[in-house]
Colleague: 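Would you mind keeping the following structure in view while I ask a few things?
Quick note: numbers below take in every heavy atom, side chains included, and nothing from hydrogens, waters or symmetry partners.
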2 protein chains.
Amino acid sequence: MEPSPLAPIRRAERRGLADEAADRVREAIFTGLFQPGGALREVELAASLGVSRGAVREGLAVLAREGLVQSEWHRGTRVTEVTAPDVEEVYAVRAALERVAARAAAERSGAFEWDDLDRLVDTMAAEIARGADVTRLLALDVEFHDRIYRLSGNRRLLDAWLAIRSQVHLFLLTRVRLGHEQYRGIVVDEHRELVALLRVKDLTTLERVAEEHVRSAGRVLAEQLADGR
Amino acid sequence: MEPSPLAPIRRAERRGLADEAADRVREAIFTGLFQPGGALREVELAASLGVSRGAVREGLAVLAREGLVQSEWHRGTRVTEVTAPDVEEVYAVRAALERVAARAAAERSGAFEWDDLDRLVDTMAAEIARGADVTRLLALDVEFHDRIYRLSGNRRLLDAWLAIRSQVHLFLLTRVRLGHEQYRGIVVDEHRELVALLRVKDLTTLERVAEEHVRSAGRVLAEQLADGR
DNA sequence: CCATGTCCTAATGTTGACATTGACTAGCGG
DNA sequence: CCGCTAGTCAATGTCAACATTAGGACATGG
């Protein structure tokens with residue numbers, strides 16, 4: 001089990017500049033500073049981050065593995081552009097992972113963790129009520145799923161999720177740019193349903209719903225994307 | 001569809017030294033040159049590969065993402081050691097992926113591709129008959145699954161597989177070291193069954209069998225590992 | 001006017017030197 | 001004799017200079 005709800009003390013890991021650089025660039029992409037399709041020049045980044053090109057280079061390699069950027073030999077790195085087939089691919093993988101994660105989480109965790117998730121959903125509802133920025137909602141949405149993968153207790157499963165998480169985040173970002181009213185309307189209910197199923201431990205139904213939850217989101221997204229362009 | 005069986009002309013991609021280095025080290029691990037737990041020193045590798053430390057470093061980062069090696073801040077890189085819980089984790093993820101991959105492959109491909117897979121299984125049988133090295137069998141086994149993921153047409157699914165493939169390979173390697181008679185006996189039959197199901201396009205059964213196929217392999221492996229130590 | 005070949009430039013790919021870190025060992029004090 | 005501390009060293013983390021490449025501008029020939 002996790003050490004404690006308060007003071008989630010975790011190894012004060014010393015990280016290299018490469019990871020730091022990766023985080024900064026990732027953040028910049030999510031806040032919209034770098035547009036999809038935009039070039040990321042190593043020298044520019046190195047200058048603005050105040051580190052050497054080597055560190056930036058290593059960081060970009062990390063982001064490339066996350067699918068957030070794409071690099072070509074001697075042609076540089078640019079922010080991945082989201083297309084409908086991309087969404088289908090990523091969400092097919094995500095649906096498979098979420099299915100397993102939900103089941104594993106349900107089997108391992110107890111009331112305490114579900115309450116925790118409930119509070120997170122409450123926060124989402126509250127943020128909607130006070131009309132907060134949609135990017136804030138997105139972060140909460142992603143965090144919700146983060147927690148489920150963590151609760152699964154499967155490190156590799158979490159890694160697989162982290163490998164596509166950034167792309168999912170990017171997709172959601174694109175989605176809300178196209179029109180986010182629909183999203184606001186259903187986000188809370190859908191997540192509440194998931195928590196309820198996790199709590200009840202109806203594993204078969206849970207597997208099905210978790211998978212379908214992702215699939216339907218993927219469909220909506222793919223449609224919006226197809227219409228939008 | 002693929003361009004042609006002969007002359008599979010594909011973009012002549014020029015790769016950097018880093019990828020080259022990663023391949024060489026990976027190969028060295030699979031052939032047993034570097035034992036699990038063994039340290040991989042950047043300077044040594046750089047010297048023996050004839051490239052600079054930077055390239056080696058980048059290559060090791062790739063292998064780290066594959067879970068084949070583990071790096072710690074300022075403490076170096078070493079070959080991952082296989083433990084029973086690791087197997088469970090990886091195989092839980094693999095089972096989920098294989099399920100999706102098998103279904104997608106069945107939906108997209110036709111007789112031509114199944115014949116291709118059949119030939120691969122024939123090769124496996126032939127290699128067993130002439131008493132070939134077990135590592136050779138392993139390579140064929142892994143390639144079989146590689147092809148299914150390729151046939152799925154889902155790039156992200158393939159990537160997710162590639163992210164754990166090396167670990168699976170490492171596990172199999174450990175398995176045959178512990179005793180490979182059993183493996184020789186069932187490998188061919190199991191894969192023949194899969195091809196048959198793919199061909200028939202019985203999607204529901206296929207999903208179940210593909211998943212179970214992986215799960216059972218994982219169980220066997222976990223048991224052997226638990227006994228072995 | 002178009003196709004082809006050449007040169008130039010701006011970016012990435014690669015490298016070896018330098019800075020920093022963590023483990024080990026010897027010396028000291030209790 | 002044991003525990004602690006400081007010094008040493010070998011390894012990794014970081015950096016800036018150099019080499020290589022892709023793509024476009026330009027000129028040339030058909």
Colleague: Within the structure, does a side-chain N or O atom of Arg75(A) lie under 4.0 Å from either OP1 or OP2 of dG23(D)?
Modeller: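 Answer is yes, contact under 4.0 Å.
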
Colleague: Determine the interplanar angle of the Tyr149(A) and Trp161(A) rings, folded into 0 to 90°, and report it as parallel if under 30°, tilted if 30 to 60°, perpendicular if over 60°.
Modeller: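 Judged by the thresholds at 30° and 60°, the geometry between Tyr149(A) and Trp161(A) is parallel.
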
Colleague: Can you say whether a donor on the side chain of Arg53(B) sits under 3.5 Å from an acceptor on the base of dG13(D), or the other way round?
Modeller: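 Indeed, a donor on one side and an acceptor on the other fall under 3.5 Å apart.
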
Colleague: Measure the shortest side-chain to side-chain distance between Gln224(A) and Thr174(A) over non-hydrogen atoms and say whether it is less than 4.5 angstrom.
Modeller: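 No, too far: nothing below the 4.5 Å cut-off.
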
Colleague: With heavy atoms under 4.0 Å as the rule, sort Gly54(A) into base, sugar-phosphate or nothing.
Modeller: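 Gly54(A): no heavy atom of the nucleic acid under 4.0 Å.
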
Colleague: Report the nucleotide, chosen from dC15(D), dT15(C), dT12(C), that has the shortest atom-to-atom distance to any side-chain atom of Val43(A).
Modeller: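 When the side chain of Val43(A) is considered, dT12(C) is the closest of dC15(D), dT15(C), dT12(C).
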
Colleague: Which whole-number value in Å describes the distance from Arg41(A) CZ to dT21(D) P?
Modeller: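 For the pair Arg41(A) CZ and dT21(D) P, the rounded distance is 21 Å.
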
Colleague: Between Trp73(B) and dT21(C), is there a side-chain N or O to OP1/OP2 distance below 4.0 Å?
Modeller: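 False: Trp73(B) side-chain N/O out of range (4.0 Å or more) of dT21(C) OP1/OP2.
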
Colleague: From CG of Leu60(A) over to P of dG13(C), roughly how many Å is that when rounded to an integer?
Modeller: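 Whole-Å distance recorded here is 10 Å.
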
Colleague: Provide, to the nearest angstrom, the distance between the CG atom belonging to Leu45(B) and the C1' atom belonging to dT14(C).
Modeller: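 The distance from CG of Leu45(B) to C1' of dT14(C) comes to 17 Å, rounded to the nearest Å.
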
Colleague: To the nearest Å, give me how far apart CD (Glu72(A)) and P (dG23(D)) are.
Modeller: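 About 8 Å, once rounded to whole Å.
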
Colleague: Atom CG of Leu40(B) to atom C1' of dA10(D): distance rounded to whole Å?
Modeller: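 Rounded to whole Å, this separation is 17 Å.
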
Colleague: If only side-chain N and O atoms count, and only distance matters, is there a donor-acceptor pair under 3.5 Å linking His145(A) with Glu98(A)?
Modeller: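 Distance-only check passes for Glu98(A) and His145(A).
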
Colleague: Write down the distance between CD (Glu58(B)) and P (dT14(C)), rounded to a whole number of angstrom.
Modeller: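 So the two atoms are 7 Å apart, to the nearest Å.
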
Colleague: When the distance from CZ of Arg57(A) to P of dG13(D) is rounded to whole Å, what number comes out?
Modeller: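 These atoms are roughly 17 Å apart.
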
Colleague: Figure out the NE2/C1' separation between His74(A) and dG23(D), and round it to whole Å.
Modeller: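 Atom-to-atom, His74(A) to dG23(D), this comes out as 12 Å.
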
Colleague: When you check the gap from the basic side-chain N to the acidic O, do Arg65(B) and Asp159(A) get nearer than 4.0 Å?
Modeller: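 Asp159(A) and Arg65(B): not salt-bridged.
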
